[in-house]
Undergrad: 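Supplied in structure tokens, the structure appears directly below.
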Amino acid sequence: MSINSLDAGDVNNDGFVDLVVTNNNQIVSIDKIHLYTFSGEIPDSSQPAWTSASYNHLSGIILYDVNRDNKLDLIYGGWWEPIYIQPGNGNDFDNMVYTSTTKPVTEAFQVINLGREEMETKTDTIIITRDNIAMVYLSKQIVENLIQVNKNGLPVEYENYCAVPNKNWISFTDRLFFGDIIIIEFEYSDYGDLIVSNWENNNGDYIFYNNYSSGVSVNHITFDKSFSLYPNPAKDQLRILFKEDYCVITPPPSIYNSLFTVTISTTFFSSLLT
């Protein structure tokens, strides 16, 4: 197997971090995603607990709770492939796959609430039930920011714990023991926007905005806009950049350096949740 990208998260909600890996052999139609689940110690070797269908040249991958059921879903892409969303079922991933119409050369994903709309604050109290552990999990799968961490009534300094953005685990420098009480205040959002790093630089990177509704969707919206330019600066092509997407139009040569009025339509991925 030729690993391209990987991500970690508790896919089966058993309290142990699992691993998803994209395979890219650079040979058509043989690449698959592999899920490795762990329950305690990491073995010397293991077989995948789940594998996806075959794709061409898989690349970027990320785990994220898209449909807000507290089960991690799978977001992945490839070389000149759509972006795929495969819902999690609490064990592995459903067979149903949602796809985008855009086909970037995906390098990496990130999901974060760019506008910080609908941010929420929550406090978890975790009572340690066994000795000599170093990691705890928060009740929300996607945590954007830790506000404060306390152990047995005293604040834990930042240098004594670490966390991964948009993951829900925290590891501590000092071991935790039976009876310790950990209180963690954090920010989370159910409405993350999807950022895609695109290797094909002619098209640039992508942002798929979340519209704060419910369920998974691949609906697209057509957006019409009229505007005028004077003098028209374009001889060959005019690239219009939108907050949601971009389009390229070709004005007639005869209107170069004259008033240019145009109505354009651009279609963009409306949301991850509708």
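Everything numeric here is computed off the predicted structure, so don't read it as measured data. Counting from 1, the numbers follow the sequence of the chain as shown. All heavy atoms count here, side chains included; hydrogens, waters and symmetry mates do not.
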Undergrad: Side-chain contact test, heavy atoms from C-beta onward, threshold under 4.5 Å: evaluate it for Arg130 versus Phe177 and give yes or no.
TA: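 The answer is no; the side chains never approach within 4.5 Å.
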
Undergrad: Kindly indicate whether the side chain of Ile142, heavy atoms from C-beta on, has any atom under 4.5 Å from the side chain of Tyr64.
TA: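 Yes, their side chains come closer than 4.5 Å.
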
Undergrad: Verify side chain to side chain donor-acceptor pair (under 3.5 Å) between Thr37 and Asn12, making sure each step is shown before the conclusion.
TA: CA-CA 8 Å; Thr37 57; Asn12 55 8; 4.5 Å; no

Undergrad: Any link between Leu35 and Met96 through a network of hydrophobic side chains (Ile, Leu, Val, Met, Phe, Trp, Tyr) touching at under 4.5 Å?
TA: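 Both belong to a single hydrophobic cluster.
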
Undergrad: Check Pro82 against Lys103 and note the closest heavy-atom contact, atom names and distance.
TA: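 In this case the closest contact between Pro82 and Lys103 is N-CG, 3.8 Å.
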
Undergrad: Taking Ser52 for its side chain and Ile33 for its backbone only, find out whether a donor-acceptor pair lies under 3.5 Å.
TA: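 Checking the backbone N and O of Ile33 against the side chain of Ser52, a donor-acceptor pair under 3.5 Å is found.
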
Undergrad: So, taking the atom named CG in Leu58 and the one named NE2 in His34, what distance separates them when rounded to the nearest 0.5 Å?
TA: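 The NE2 atom of His34 is 9.0 Å from CG of Leu58, to the nearest 0.5 Å.
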
Undergrad: Closest approach of Pro87 and Asn67, non-hydrogen atoms and distance?
TA: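 Closest heavy-atom pair between Pro87 and Asn67: CB-ND2, 4.3 Å.
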
Undergrad: Are Ile75 and Val97 grouped together when hydrophobic residues (ILVMFWY) are joined by side-chain heavy atoms under 4.5 angstrom apart?
TA: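 Shared cluster, yes.
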
Undergrad: So does Trp199 have more than 12 non-hydrogen atoms from other groups sitting under 6.0 Å from CH2?
TA: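 Result for CH2/Trp199: open.
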
Undergrad: Please name the pair of heavy atoms, one in Tyr206 and one in Pro104, separated by the smallest distance, quoted to 0.1 Å.
TA: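 Heavy atoms only, the tightest pair is CE1-CB, 3.5 Å.
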
Undergrad: Only one of Asp7, Ile62, Ile195 clears side chain to side chain contact (heavy atoms under 4.5 Å, CB included) with Phe109; which?
TA: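 Answer to the side chain to side chain contact (heavy atoms under 4.5 Å, CB included) test with Phe109 among Asp7, Ile62, Ile195: Ile62.
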
Undergrad: Any heavy-atom pair between the side chains of Lys167 and Leu63 that's under 4.5 Å?
TA: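 Side-chain contact under 4.5 Å: yes.
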
Undergrad: Out of Asn210, Leu194, Ile207, which residue meets the side chain to side chain contact (heavy atoms under 4.5 Å, CB included) rule with Leu114?
TA: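 Answer to the side chain to side chain contact (heavy atoms under 4.5 Å, CB included) test with Leu114 among Asn210, Leu194, Ile207: Ile207.
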
Undergrad: A quick test of your reading: do over 12 heavy atoms of other residues, nucleotides or ligands sit less than 6.0 Å from CZ of Phe178?
TA: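 For Phe178, atom CZ is not crowded (no more than 12 foreign heavy atoms under 6.0 Å).
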
Undergrad: Answer with yes or no whether the side chains of Asn150 and Glu185 bring together a donor and an acceptor at under 3.5 Å.
TA: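 There is no such pair (donor and acceptor under 3.5 Å, judged by atom type) between the side chains of Glu185 and Asn150.
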
Undergrad: Do Phe208 and Tyr84 share a hydrophobic cluster, counting only Ile, Leu, Val, Met, Phe, Trp and Tyr and linking them when any side-chain heavy atoms are less than 4.5 Å apart?
TA: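 Phe208 clusters together with Tyr84.
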
Undergrad: In this structure, is the centre-to-centre distance between the rings of Tyr55 and Tyr76 below 6.0 Å?
TA: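 Close enough - the centres of the two rings lie under 6.0 Å apart.
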
Undergrad: Do the non-hydrogen side-chain atoms of Val136 and Ile128 ever get within less than 4.5 Å of each other?
TA: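 Val136 vs Ile128: side chains touch.
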
Undergrad: Is there a side-chain contact between Asn166 and Val143 in this structure, where contact means two heavy atoms from C-beta onward sitting under 4.5 Å apart?
TA: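 With C-beta onward as the side chain, the pair stays apart.
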
Undergrad: Is any side-chain heavy atom of Asn23 closer than 4.5 Å to a side-chain heavy atom of Asn4?
TA: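 Side chain of Asn23 against side chain of Asn4, heavy atoms only: no contact under 4.5 Å found.
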
Undergrad: Is the shortest distance from a Lys or Arg side-chain nitrogen in Lys71 or Asp94 to a carboxylate oxygen in the other one below 4.0 Å?
TA: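 Looking at Lys71 and Asp94, the cut-off is not met.
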
Undergrad: Are side-chain N/O atoms of Asp14 and Ser39 paired as donor and acceptor at under 3.5 Å?
TA: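 Yes - a donor-acceptor pair under 3.5 Å links their side chains.
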
Undergrad: Salt bridge check: are Glu187 and Arg116 linked by an N-O gap of less than 4.0 Å?
TA: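 Salt bridge flag = yes for Arg116 with Glu187.
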
Undergrad: Taking all atoms of both residues into account, what is the closest heavy-atom pair of Ile85 and Val66, and its distance?
TA: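 Closest heavy-atom pair between Ile85 and Val66: CG2-CG2, 4.2 Å.
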
Undergrad: In terms of heavy-atom contacts, does CD of Glu159 have more than 12 from other residues, nucleotides or ligands at under 6.0 Å?
TA: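 Correct, the count exceeds 12.
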
Undergrad: Compute whether any side-chain donor of one residue and acceptor of the other, for Tyr188 and Glu120, lie under 3.5 angstrom apart.
TA: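 On atom types as modelled, these side chains qualify, holding a pair under 3.5 Å.
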
Undergrad: Considering residues, nucleotides and ligands other than Asn95, do more than 12 of their heavy atoms fall under 6.0 Å from its CG?
TA: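 Counting neighbours around CG of Asn95, 12 or fewer heavy atoms of other residues, nucleotides or ligands fall under 6.0 Å, so no.
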
Undergrad: Begin from the C-alpha positions of Asn152 and Asp180 and carry the test side chain to side chain donor-acceptor pair (under 3.5 Å) through to its verdict.
TA: CA-CA 6 Å; Asn152 298 328; Asp180 284 342; 3.1 Å; yes

